[in-house]
Every structure is written in structure tokens, then in C-alpha cells.
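We count ligands from 1, going down the list as the structure has it; atoms in each ligand are counted the same way. Remember, it's a predicted structure, so these values are computed and weren't measured experimentally. Positions are given from 1, in the same order as the sequence printed here. Hydrogens, waters and symmetry mates play no part in the numbers below; they use all other heavy atoms, side chains included.
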Amino acid sequence: MRRLLLSLLGLMLAAAVPVRAQDRLNVVASFSILADFVRNVGGDRVDVTTLVGPDGDVHVYTPAPADASKVAAAKLLVINGLGLEGWLPRLAQSAGGQATIVTATRGVTPIIIGSAPDPHAWQSVLNAKIYVANIRDALVKADPAAAAAFAARANAYLARLAGLDLEVRAAVAQIAPSRRQVISTHNAFGYFAKAYGIDFIAPSGVSTESEASARDIAAIISQIRRLRIPAVFLENISDPRLIERIAAETGVKVGGTLYSDSLTGENGDSPTYIDMVRHNIRTLTSALAE
Ligand code: ZN
């Protein structure tokens, strides 16, 4: 009995001892949303570094020299894929190192626009669950000794995401069907639109790299008038001037700022993915309420 108590005590102590810094898995994530997923699954067993930080634009990122040393030191490099990080292959090559590349969208059904995939798959919470499962599997493979901890943390987080998906559906159900159409800056909400039934029209394409032409803008303005679109939205990663101009020309109100491709910093209102989705749905529902 005494021996059993002692071994139980030993187990409890082992669980309470923090993971030593040198035992943590070094993970680099290409942008802030992926880093948040890795933190949720990895907890204190991972050290996560983000390349494109809060409010940054992952489409047009120029890697800094320090990024190459971050990648060189990483065990795992978590990327979105679907063409989002065009700058990454060159960075990974120049960094050298042994990092395993983990494509978080593996298994997601892509939306194809023209002949290229739309990379913004995280805007559907059900896709985010696929990202999290891929990240969990990669962490387990890289550190099998922590498999049980990763699985438990992933399960808890996946359950929160399942709840979040229902929250989004319940919120959209409150918006009159005729008002479920909005304008945003670039085409980042295709997966959200498909999953939840709000139509998004954007003057810029799926990348922020290409600017909207005068003709694109004229087409959007006539669409807004014809479809009686109730609101236009800014994005945290994009220049606000285009949307402000469209709002001024059409008299349609600016409904707020949507977070498309990045979280905010710690002091912003959306430092996590769950915060970001809640922020977006609050912004949409308050602007689209009659
Ligand atoms: Zn984007």
C-alpha cells in the first residue's frame, strides 16, 4: 500500500514538473493563426515562433534575415499551403536546417478560383478542425513521448471549435436572408461564405498582391446598388482607402473591420483564432441587423 502511494505521488509530481526549455519542441508557424493552433495543441511542450506576426499580410511577406535562423533552428515548420506562402520555399531553402514541413490544410477540400486554390480555408471552423488534427499528428510524430498530452489538448480544443462552429451558425440564422451579402476588401471569406451562407463580394482577388482595377471597382459599385448590399467591411491587413471610397460613392455604411488573414496582437481584441471568429461574427451580425 505504501509503495502504491509512493508511486502515485511520483506520478503526480512528474505531471506537475514544468517541461524544461531544452525539451520543448521548436515549432515555427508561417502566420499568426497557425501559431495559435500549435499553442493550443502543444501547450508548454512546444516553443512556437511566428514568421508573419499580428496584423501582418502573409500574401506579400518579405522574410527578414532573422527568419532564416528561426527556420534553421526549427524541428517543425507549419504552413497553410494552397499557395498562401509563395515566399516560403525560398526561405526554407536558404535557411537550410532539418525542419519537417507540415501542411496544415492537408485533407481540406479546396475552393478553386480560376485554376488556383483559394488558400483561406481557416475561415470555415470545420476546416480549422482539420488543421488542428494535422498539427496534432505532426507534434505526436515529432515527440512521441508527449503523444498523450498532445491528444488530450487537441481533443479539448477540437471540442471548443465544434462549439464555435455552432455559435457561427446560430448567429447567421439571426440575419435576415436578404441581408446576407457584404463587401470586403480581398477575397478572403470564400470558405466562410460556403460554410455559413453569407455572400462576400471583394474588389481584390484572393491575394492582396493584385490591386483592384478601376473597372473592378466600377463593377462592385453597380453590384452594391443592384443587390442593395447593406454593408461594406474593412480588413485588419488591408489598406482601408478602397473600401472607404466605395462606401462614400454608394452611401453604404462601413460595417466595421473583419479579421481575414491575421490575428491581432495580445492587446487587440482577437489574439486567438476563437476570438477572431467571434469578433467577425459580432461585426457581421451587428452591421447586418435590420
Ligand atoms: Zn488573404
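- K253 contributes a side-chain N or O that, together with a main-chain N or O of A287, makes up a donor-acceptor pair within less than 3.5 Å.
- Side-chain contact, N40 with Y273: no donor N or O sits under 3.5 Å from an acceptor N or O.
- Within the 3.5 Å criterion, the main-chain N or O of Q181 finds no donor-acceptor partner in the side chain of D199.
- Under 4.0 Å is where a charged nitrogen must lie from a carboxylate oxygen, and between R169 and D165 at least one such pair does.
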query = Under the side-chain contact (heavy atoms from CB on, under 4.5 Å) criterion, do T264 and D55 qualify, and how do the steps go?
reply = CA-CA 5 Å; T264 66; D55 300 311; 4.1 Å; yes
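- Take the Zn ion (ligand 1) and draw a sphere of radius 2.8 Å; the protein N/O/S atoms inside it number 4.
- A donor-acceptor pair under 3.5 Å links the side-chain atoms of S32 to the main chain of L263, judged by distance alone.
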